[in-house]
Amino acid sequence: MTVAALDRRSVMKLMAAAGAVTFMVPKAVFAAGRAVLDADGMTVPLVTINRDNSIIIHNPKAEMGQGTSTGVPMLLAEELDADWSNVTVKQLPLRRKRNAKGELEYLFVRQSTGGSNSIRSMWHPMREFGAQGREMLKMAAAKLWNVSSEGLETKNSYVTNPATGERVAYGDLIDEVVGMPVPGQGVTLKKTSEFGLIGRPTKSKTAIDIVTGKPVFGIDQAMPGMLHAVIARSPHFRGAVRSVDAAAALGVPGVVDILTIERPSNSSPLAPHLAAGVAVIAESFWAAKKGRSLLEVEWDEGPFEGYNSLDVEAESLEDLETGDFNPHRAEGNFDTAYRSAATVHDAKYVVPHVGHALMEPHSAIADVRPDRVYMSVPCQHPYRVQDVAHTITGVDQDNIEVDVSRSGGAFGRRWDKDFPAEAAYISKAIGKPVKVSWTREDELTQCRYRNANQYRMTGAVDEGGKLTAMRHRQSSGYPSLDPDTLPEIGWIHEDLMMDHFAPGMVDNTEFAQNFVPSPVPRGPWRAPGSVNSAFAQMSFLDEMARAAGIDPLEFQLSVLGSPKKLDVGSRRYFMETERMAQCFRRAALEAGWGEKLPQGWGRGIAGYYSHLSYVAHVIDVSVRNGDVTVERVTTAADCGLIVNPLGVEAQIEGAIHDGLSVALGQEIIVENAAVKQQNFDTYSMSRIDKSPRVIDIHLIESKEDPTGMGEPAIPPLAPALMNAIHDATGMRVRRLPLANQLST
């Protein structure tokens, strides 16, 4: 690939010659007048309008099943007044180059997918791009008709002149647009009352392709001349290869090479990304997999030999009783409020490690040459792939191309760069393009796991039923390369989620966290931090309410208190207690909170503010002979202005099923620094018979800017479920998962 920075006029001429026009990014927003020119003379712009009036919008966010390939292009199409039925969406490859100062910058927008930020981060930029294109087309039509552009209108990929009845297709204005100045940042955006596409239930642009098997996922990707690699990785975290006998593996037809990957030193930048192992390289995946099965490897168990997660859990729970905890955040005087309270309560909760269990195990293609690198990876952050390829190969990022494959699920796992690092490492070593493929066993035993946390919650309620004091203490595994290494003072307490209890909600609070060195590699797992903390905090509030003899809904609303905006620490985003309260009230109303339930049934409620959105669940369960049936989940959610209601509902439904699956049966246990669970026979995924019989979702209308819904519906799910089980049985589940905790 040849890379060139083009001025806007050159890009316009090129696209016009190809029978299309592209709208670039305004200088005031991002890098203006730049494009990437491939060797075949075609550009990869953000938007292309073809002469047949079809439109291509390149999606800058990774599509992982969460619907960004529909929701994000809708933003641009709305302002462009494009005919949505004639829009095709394609994935945008990584487009990042160095500016005149030598700094890496994006040519269009930041290509990073995570934190439920796709719609939120694209809300203004994508609309501005579309509005600029709309104004350019109106100016082109005005020039064609020799009139002012102010009175012209756009709709369904046409410019019309209401005064004369004339109209012209966007595709017929390509020649007029070439060379036209791009409007600045001050272009007028539509008012919400003018939206025709945003807010309308819109089916996925890729739904038909998916059910007919057309999308090419990462696991399907290929390139000419590539070899395949399957790696036997150390089963012990931070383990090493002591010896290997590869004779039998080399005898498999199609196996061409064996490569030992040494464990990087703790000081190496690759230490968090490469595990020690032996790669079998072959002409096909199956030959490589067969060869791996015949390897005889002796492993050095590494510095964490003997590490057991259940032992650490027990020790951490004891530490919550006797250890010294320095508050990370404290308000008021907890001890004074506790001593003067009418009701006090104390409880411990445990959240174990869980894996991502993606539908599609990992894969990555790398073609490393001395002066350039090509990567094709299903990933959430292609810039991280580019950076790790640079670290491994030494090739500058300017000469590292990254294509983003469609992902069969991610949930935070494809944020990490271990699997692309392996592909780049092996391709560099053998001098040929290679595809590294993971098996299900690899994915479960070499994951970047949700952290395991232990909690001790202590609270106090006064005679008027007000929560006057709450203390949150937790013990967390700190991912360490050395068993004696703990985080330094000032380390970010990313597992200690306090957003829902922002300063000013409860008068007297303490939040504190201790750490235990752990070899278990961590990574973001859907709603990282929030999903663990919500289980402890929302379960505890339910317990406090019942201990004080107060209805759990009434108690939750009293904790939220009068409407107020609470700073969660960013000085940009605020937790609005009334928006959370509205979700509680709406979910309770729709679920029939307070109505009598059948014998053996129970009802629980929980809500949480997470990733700038608000969600409350009311769950009805029935329990018979120790078997739990989720009869109904009623959900109310506020994620700001809703771009695509179908997409939001789909994300909530997915979170409900995902949350139930984890709460009911999933747990990763580590023995001798190795994961016990190898496949779905020992790592329990919820089956269809455990799905809720009814899911009832209510989206609260809002005029606020959209936030996100990929993650916020999952944190309150587990506590609402366990609160319902307690209501039905009197049994309180304080350790996840539920499996085997209910007796007949």
Side-chain angles (χ1 to χ4, degrees), residues 57 59 61 63-82 84 87 89 113-128 130-131 189-207 526-527 573-576 578-587 589-590 607-618 633-656 695-717:
I57 299 177
N59 175 28
K61 297 293 186 176
E63 176 58 72
M64 306 172 292
Q66 84 283 34
T68 60
S69 59
T70 299
V72 172
M74 283 176 66
L75 303 177
L76 194 152
E78 174 67 70
E79 295 288 349
L80 186 61
D81 277 327
W84 183 249
V87 168
V89 177
T113 309
S116 299
N117 78 349
S118 291
I119 294 295
R120 180 175 78 245
S121 64
M122 294 294 99
W123 174 242
H124 289 292
M126 293 295 278
R127 291 171 60 212
E128 286 175 348
L189 301 179
K190 290 183 180 182
K191 300 177 181 178
T192 56
S193 60
E194 298 173 321
F195 289 159
L197 182 60
I198 291 176
R200 189 179 77 195
T202 304
K203 295 180 180 178
S204 168
K205 266 292 179 184
T206 59
R526 199 171 187 177
Y573 302 115
F574 296 84
M575 192 273 201
E576 299 182 48
E578 181 58 21
R579 294 176 72 180
M580 188 71 256
Q582 286 180 358
C583 290
F584 271 109
R585 289 194 288 263
R586 181 67 179 278
L589 174 67
E590 300 294 344
Y608 214 66
Y609 168 73
S610 167
H611 293 74
L612 312 186
S613 293
Y614 307 80
V615 178
H617 298 300
V618 174
V633 178
T634 306
T635 303
D638 179 351
C639 60
L641 189 147
I642 299 168
V643 173
N644 181 9
L646 287 183
V648 173
E649 291 173 1
Q651 284 300 288
I652 294 173
E653 290 177 1
I656 289 170
I695 295 178
D696 185 22
I697 296 172
H698 301 271
L699 305 181
I700 295 177
E701 294 185 6
S702 175
K703 295 181 180 179
E704 301 293 331
D705 283 357
T707 47
M709 197 42 71
E711 294 161 287
I714 202 169
L717 195 285

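The distance from atom CG of Leu75 to atom OG of Ser118, rounded to the nearest 0.5 Å, is 10.0 Å. Taking CZ of Phe195 as the reference point, atom CD of Glu79 lies at 6.0 Å (rounded to 0.5 Å). We find the CD-NE2 distance between Glu711 and His611 to be 3.5 Å, quoted to the nearest 0.5 Å. Atom OG1 in Thr192 sits 6.5 Å away from atom CG in Leu641 (nearest 0.5 Å). Going from atom CG of Leu646 over to atom OG of Ser204 covers 10.0 Å, rounded to the nearest 0.5 Å. Leu197 CG to Leu80 CG: the interatomic distance, rounded to the nearest 0.5 Å, is 11.0 Å.
Between Ile642 and Met709, the closest side-chain pair of non-hydrogen atoms is not below 4.5 Å. Residues Trp84 and Met74 are in side-chain contact: their nearest non-hydrogen atoms beyond the backbone lie under 4.5 Å apart. Thr70 places none of its side-chain heavy atoms less than 4.5 Å from the side chain of Val89. Within the 4.5 Å cutoff, side-chain heavy atoms of Pro712 are placed close to those of Ser116. A heavy-atom distance below 4.5 Å is not found between the side chains of Arg579 and Ile700. Put simply, the side chain of Asp705 reaches to within 4.5 Å of the side chain of His124, judged on heavy atoms. Counting heavy atoms from C-beta on, the side chains of Thr113 and Gln66 come closer than 4.5 Å. Using a 4.5 Å heavy-atom cutoff, the side chains of Tyr614 and Gln582 are not in contact.
Considering every non-hydrogen atom in both Ala655 and Arg526, the closest pair reads N-NH2, 3.6 Å. Thr68 and Pro73 get closest at one heavy-atom pair: O-CD, 3.1 Å. Ala636 approaches Ala587 most closely through the heavy-atom pair CB-N, 3.7 Å. Scanning both residues, Ser702 and Asp638, for their nearest heavy atoms gives CB-OD1, 3.8 Å. Across every non-hydrogen atom of Pro716 and Val615, the tightest pair is CG-O, 3.8 Å. Scanning all heavy atoms of the two residues, the minimum distance from Gln651 to Gly710 falls at OE1-CA, 3.1 Å.
At distances below 3.5 Å, not a single donor-acceptor pair connects side-chain atoms of Lys190 with backbone N or O atoms of Arg127. Within the 3.5 Å criterion, the main-chain N or O of Ala713 finds a donor-acceptor partner in the side chain of His617. Between the side chain of Ser613 and the main chain of Gly708, a donor-acceptor pair closer than 3.5 Å is present. No donor-acceptor pair closer than 3.5 Å links the side chain of Ser193 to the backbone N or O of Lys191. Not one N or O on the side chain of Glu590 forms a donor-acceptor pair closer than 3.5 Å with the backbone of Thr635. At distances below 3.5 Å, at least one donor-acceptor pair connects side-chain atoms of Glu63 with backbone N or O atoms of Gly65. Between the side chain of Asn644 and the backbone N or O of Thr202 there is at least one donor-acceptor pair closer than 3.5 Å.
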